[in-house]
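This report concerns only the one structure given below.
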2 protein chains.
Amino acid sequence: MAAQDTKVQTRAKGQATADRVRAAAMKRFAQAGYAAVSMREIASDVGVRPGALYNHFQTKQDILNDLMLGHMAQLLDAWETADFPDHMDALERFVRFHVRYHLERADEVFISYMELRNLEPDNFETIETERRKYEAILTEILEKGAQDGRYTPEHPKVTTRAIIAMLTGIPAWFRESGPLSKSDIEDHYVNLVQNAVLRAPGQSPRETG
Amino acid sequence: MAAQDTKVQTRAKGQATADRVRAAAMKRFAQAGYAAVSMREIASDVGVRPGALYNHFQTKQDILNDLMLGHMAQLLDAWETADFPDHMDALERFVRFHVRYHLERADEVFISYMELRNLEPDNFETIETERRKYEAILTEILEKGAQDGRYTPEHPKVTTRAIIAMLTGIPAWFRESGPLSKSDIEDHYVNLVQNAVLRAPGQSPRETG
DNA sequence: CTTGTAAATGAATGATCGTTCATTTATTTA
DNA sequence: TAAATAAATGAACGATCATTCATTTACAAG
């Protein structure tokens with residue numbers, strides 16, 4: 001690591017600019033959408049001429065792809081390294097992790113599911129693979145809970161998508177100035193999700209239709 | 001009505017073209033996003049020259065606004081006129097209605113929540129007003145159920161958004177060719193939603209954290 | 001201090017955008 | 001059939017787009 005310090009130092013300025021490009025693109029993409037944002041706007045935010053962006057990213061598409069790849073990698077890594085009280089069950093861990101992460105990284109999350117269709121096919125496939133890994137975490141939790149008889153066993157993959165859609169929608173309406181704190185939201189969603197899938201003792205699955 | 005038949009007839013051809021513009025724009029916007037669709041593409045789909053579009057819509061923005069206004073109006077009207085078995089409770093009605101409607105009008109729904117940010121401020125406000133009306137239907141159902149002691153009383157507005165986000169996400173992954181039919185999906189979501197908010201007799205609200 | 005390279009500039013490229021408009025074509029009214 | 005009006009055409013407008021590139025500037029290495 002120390003042996004490469006000089007080399008790292010050499011490219012420090014370029015790295016810094018690239019990071020500012022990422023930050024500017026993130027905000028712009030989140031607010032206006034990929035297709036509505038111009039390279040000129042990003043360059044202006046960074047304080048640089050449009051052409052200079054191409055010293056750091058080959059195309060506009062590469063910026064979007066970089067942001068989405070980075071988001072998925074960080075999301076999966078954050079889950080791996082997250083720590084929770086020992087007594088907390090897996091489902092509650094997942095819900096709390098997901099809500100927290102999505103409330104703290106609203107822009108990244110928003111882009112990552114709004115701009116999927118603006119990814120070129122190859123990039124799209126890569127991102128979809130990462131997304132499926134994340135969904136698999138929750139599906140596995142639900143399946144394990146179903147085996148134990150604690151959760152309802154029906155359609156764990158569908159339930160996964162239902163839960164994730166429910167949670168991912170939070171940043172769209174949550175406002176710091178609202179009546180509920182982030183912690184309140186977290187608690188409420190834990191409750192909703194647990195109730196949705198819990199098979200209460202002595203309570204058989206309801207018949208509907 | 002009959003007295004205006006001649007006048008209606010006069011504009012019948014224009015109406016037909018306008019409808020085809022709507023249909024083409026709907027598909028294109030849903031697939032690629034408003035900003036990524038050109039008036040030339042829409043005109044080409046309709047089988048007309050770009051300039052002809054302006055005989056029916058003043059601007060590209062007006063097309064988007066027309067689609068979203070139409071969707072919200074039809075959604076609210078469909079709820080008003082929907083009929084269900086007498087014995088079915090309000091929450092189940094809402095969930096079944098919402099799932100069905102969204103599975104049948106995937107493009108309209110997708111546009112209406114993906115393209116909100118591409119609406120100019122005035123148009124956005126109008127659509128938001130309609131959207132709030134729709135959310136209010138579910139909130140009222142939850143509040144009434146809470147008064148009766150059937151549903152958990154916490155944060156009905158937040159729960160409304162959680163449920164709607166969960167349901168609205170379905171068209172994003174549902175495929176006719178998948179293992180579950182539309183009817184299966186409907187049943188499963190009814191179950192999830194009912195469990196999420198039901199206060200089972202003798203079951204006090206769970207403590208979390 | 002010189003050399004090599006990274007980073008940024010400034011100007012230009014061709015393409016495409018939404019929109020306008022005088023004109024032509026189609027259809028309906030009188 | 002003649003007049004009126006709706007609808008569509010074809011060509012053009014200026015603006016903006018992503019991207020390229022020869023050149024200049026900044027900076028670290030030897």
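Scope of the values below: all heavy atoms of this structure, side chains included, with no hydrogens, waters or symmetry mates. Please read these numbers as outputs of a predicted model, since none were measured by experiment. Throughout, a chain's letter reflects where its sequence line sits, starting with A, and its residues are numbered from 1.
B:E154 and A:N191 are not linked by any side-chain donor-acceptor pair at a separation below 3.5 angstrom, with hydrogens and angles left out of the test. A donor atom on one side chain and an acceptor atom on the other are found under 3.5 Å apart for A:H98 and A:T168.
A donor-acceptor pair is defined here as one N or O able to donate and one able to accept, closer than 3.5 Å; such a pair exists between the side chain of B:E115 and the backbone of B:Y34.
Heavy-atom neighbours of B:E140 CD from other residues, nucleotides or ligands within 6.0 Å: at or below the threshold of 12.
Note: CG (B:D62) to C1' (C:dG18) measures 13 Å, nearest angstrom. As rounded to whole Å, 11 Å separates atom P of D:dC17 from atom CZ of A:R28. Remark: C1' of D:dA7 and CZ of B:R20 are 13 Å apart, rounded to the nearest angstrom. Between the C1' atom of D:dA7 and the CZ atom of B:F57 lies a distance of 14 Å, rounded to the nearest Å. Residue B:L53 contributes atom CG, which lies 13 Å from atom P of C:dC17 at whole-angstrom precision. At whole-Å resolution of the value, NZ in B:K60 and P in C:dT16 are 15 Å apart.
Map A:V37 and A:A52 each onto its nearest nucleotide of DNA chain D; the residue landing nearer the 5' end is A:V37.
A close approach under 4.0 Å does not occur between any side-chain nitrogen or oxygen of A:T59 and OP1 or OP2 of D:dA18. Checking the phosphate oxygens (OP1, OP2) of C:dA8, a side-chain nitrogen or oxygen of A:H56 falls inside 4.0 Å.
Aromatic pair A:W79/A:F97: ring centres closer than 6.0 Å. Aromatic rings from A:F94 and A:F84 are positioned such that their centres are separated by 6.0 Å or more.
The side chain of B:Y54 sits closest to C:dT19 out of C:dT19, D:dA8, C:dA8.
Of the residues in residues 38-50 of chain B, those placing a heavy atom less than 4.0 Å from an atom of DNA chain C are B:S38, B:M39, B:R40, in numerical order.
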Report all side-chain donor-acceptor pairs from residues 41-52 of chain A shorter than 3.5 Å, counting only partners two or more places apart or in another chain.
{"residue": "A:E41", "atom": "OE1", "partner": "A:S38", "partner atom": "N", "Å": "2.9"}
{"residue": "A:D45", "atom": "OD1", "partner": "A:R28", "partner atom": "NH2", "Å": "2.9"}
{"residue": "A:D45", "atom": "OD2", "partner": "A:R28", "partner atom": "NE", "Å": "2.7"}
{"residue": "A:D45", "atom": "OD2", "partner": "A:R28", "partner atom": "NH2", "Å": "3.4"}

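Checked by distance alone, B:N55 brings a side-chain donor or acceptor within 3.5 Å of a matching partner on the base of D:dA8.
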